[in-house]
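Protein chains get the first letters and strands the later ones, always in sequence-line order, with residue 1 at the start of each. In what follows, every heavy atom counts, from backbone to side chain, and hydrogens, waters and symmetry copies are set aside.
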Amino acid sequence: MYDLIIIGAGPAGITASVYAARKRLNFLVITLDIGGQAAWSGDIENYTGYQFITGPDLASKFESHMRQYNFDMKENEEVLDIVRMDGYFKVKTHKSEYEAKAVIVASGKVSRELGVPGEKEFKHKGLSYCATCDGPLFNNKDVAVVGGGNSALDAALQMIRIARRVYMININPSLGGDTILREKVERDSKVTVLNNTRTTAILGDKMITGIKILRADKEDDLAVQGVFVEIGLIPNSGFAKGVEKNKYGEIIVNCRNETNIPGLFAAGDVTDVHEKQIVIAAGEGSKAALSAFKYLNQRR
Amino acid sequence: MEKKVTVYSTPTCPFCIRVKQFLKENNIRFEDIDVSADSEKADEMIKKSGQMGVPVIEIEGDIVVGFDKDKIKESLGI
């Protein structure tokens, strides 16, 4: 049995690992990816010590810092459940299960999905959650951006330079986000904004051929070859079942990163911590590891 | 014998950058194809991988989609 299991390897999980290693804890890190949202970030200019660094570079520095220590790590493994046993926890993944006396949940946030038919089938077959990554493949094609906030506006502005036509499918009566971005999008002749419009299905054969949209009780098909879903992020907390969360699904923690369950700690964007920043997530990760260390010491 | 490795990527995609960092750290030589600048190569990538996400890594005919470290290591035999 491990002393500690850390779930996630973004800024919070990685910093927790560094602290846990330096406290000589016997621990395991379980994660789908390394770097978390930091790896997806573009230019970072507010992480202390770096006037400028890109997301991938910072993620890689985090990773090499973590890897200089000795501990167990399971990558590409998804946690499905944390079961509270008598004085320890069982962490179940899609591959196996592991036991530890304490757990830190640092699983961050993930892209919100539309939850409509066809979304899973056509992921990467025309449907993407990252216009920055996959956008250039839609050269001279017709695409839809689903969403109406800043990330959707950003995606639309990127696609204007690449695609032939850009449809913005917005569920609200008008676009949200910053005025400066909104005006750029609305003024562009390539863009058609469809407000009060719901996306109800993704259509296609091998690749996407269109989407079904619902406007004023009328359903229509819109022919597009690409769909970018930009409807925000949700905390990746579904597997932490008995843990108290707020209405957004964020795990509620106190200033010591304790949850309502003794021995179960949480840190970073998956929690209700004020402000979601890389530097804050890292700080929260270190606090959670130190709290877990104290908890383990008191039980000895 | 050294395996032929090709990375299909876009300059702005974070996981493309991570894949290339990973290959360099392991001293694996690879051809880097920017599909945002070459639409023929983009079509080739879509045909080979049956999907439209980057990065795609081709290792001696084996296709790996995304920065899937386990699969890349297995295919490279490292």
Side-chain angles (χ1 to χ4, degrees), chain A residues 9 31-44 53-64 67 73-77 95 121-141 143 154-155 158 161-162 204-208 225-228, chain B residues 6-28 30-59 62-78:
Chain A
T31 191
L32 273 172
D33 61 344
I34 291 181
Q37 290 174 72
W40 287 92
S41 306
D43 301 341
I44 297 163
I53 188 162
T54 67
D57 281 347
L58 186 60
S60 149
K61 285 194 183 290
F62 281 165
E63 182 175 4
S64 49
R67 286 201 193 273
M73 178 130 162
K74 301 284 171 192
E75 282 184 70
N76 293 314
E77 213 164 314
K95 283 186 190 158
E121 295 89 306
F122 293 111
K123 189 177 171 185
H124 295 316
K125 303 202 165 172
L127 185 137
S128 167
Y129 300 92
C130 181
T132 313
C133 312
D134 303 326
L137 294 165
F138 295 85
N139 187 22
N140 216 17
K141 297 203 160 85
V143 302
D154 244 351
Q158 291 183 44
R161 282 182 258 144
I162 302 161
D205 177 22
K206 276 190 183 132
M207 301 283 173
I208 284 181
Q225 290 86 54
V227 179
F228 295 90
Chain B
T6 308
V7 178
Y8 296 88
S9 66
T10 64
T12 46
C13 134
F15 282 101
C16 303
I17 299 171
R18 303 272 290 143
V19 165
K20 288 183 243 176
Q21 278 171 349
F22 173 79
L23 292 173
K24 278 179 198 155
E25 278 161 19
N26 286 281
N27 297 317
I28 307 290
F30 59 91
E31 187 189 357
D32 187 7
I33 295 176
D34 177 1
V35 291
S36 71
D38 189 337
S39 60
E40 257 173 52
K41 289 286 182 187
D43 290 340
E44 178 185 298
M45 180 202 96
I46 294 165
K47 213 174 272 172
K48 278 183 178 170
S49 69
Q51 58 90 54
M52 299 184 78
V54 284
V56 168
I57 306 99
E58 183 174 11
I59 303 163
D62 275 0
I63 298 287
V64 181
V65 177
F67 183 27
D68 189 333
K69 233 186 262 179
D70 290 349
K71 276 194 195 152
I72 296 171
K73 277 187 183 167
E74 195 192 307
S75 189
L76 284 168
I78 58 169

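A salt bridge does not link A:R67 to B:E25: none of the charged nitrogens lies less than 4.0 Å from a carboxylate oxygen. A salt bridge is absent between A:E75 and B:K73; no separation between the charged side-chain nitrogens and carboxylate oxygens falls under 4.0 Å.
At a 4.5 Å heavy-atom cutoff, the contact between B:F15 and chain A is made by side-chain atoms alone. Using a 4.5 Å cut-off between heavy atoms, A:D33 touches chain B through its side chain atoms alone. With a 4.5 angstrom heavy-atom cutoff, A:F122 does not touch chain B via any of its atoms.
How far NE2 of A:H124 is from CE of B:M52: 12.0 Å, rounded to the nearest 0.5 Å. Between atom CD of residue A:E77 and atom CG of residue B:D70 there is a gap of 9.0 Å, rounded to the nearest 0.5 Å.
The heavy-atom pair separating B:G53 from A:D134 by the smallest distance is CA-OD1, 3.5 Å. Residues A:N76 and B:K69 approach most closely at ND2-N, 4.1 Å, considering heavy atoms. When all heavy atoms are compared, the tightest approach of B:V54 to A:C133 is CG2-O, 3.2 Å.
Side-chain contact between A:I34 and B:R18 is present, with heavy atoms from C-beta onward closer than 4.5 Å.
Here B:C13 is the residue among B:A37, B:C16, B:P55, B:C13 with the most heavy-atom pairs under 4.5 Å with chain A. Highest contact tally toward chain B, considering only A:G55, A:S128, A:A59, A:C130, is held by A:A59 [criterion: heavy-atom pairs under 4.5 Å].
When the shell of 6.0 Å around NZ of A:K141 is examined, it contains more than 12 heavy atoms from other residues, nucleotides or ligands.
Judged by distance alone, with hydrogens and angles left aside, the side-chain atoms of A:N139 form no donor-acceptor pair with the main-chain N or O of B:S36 at under 3.5 Å.
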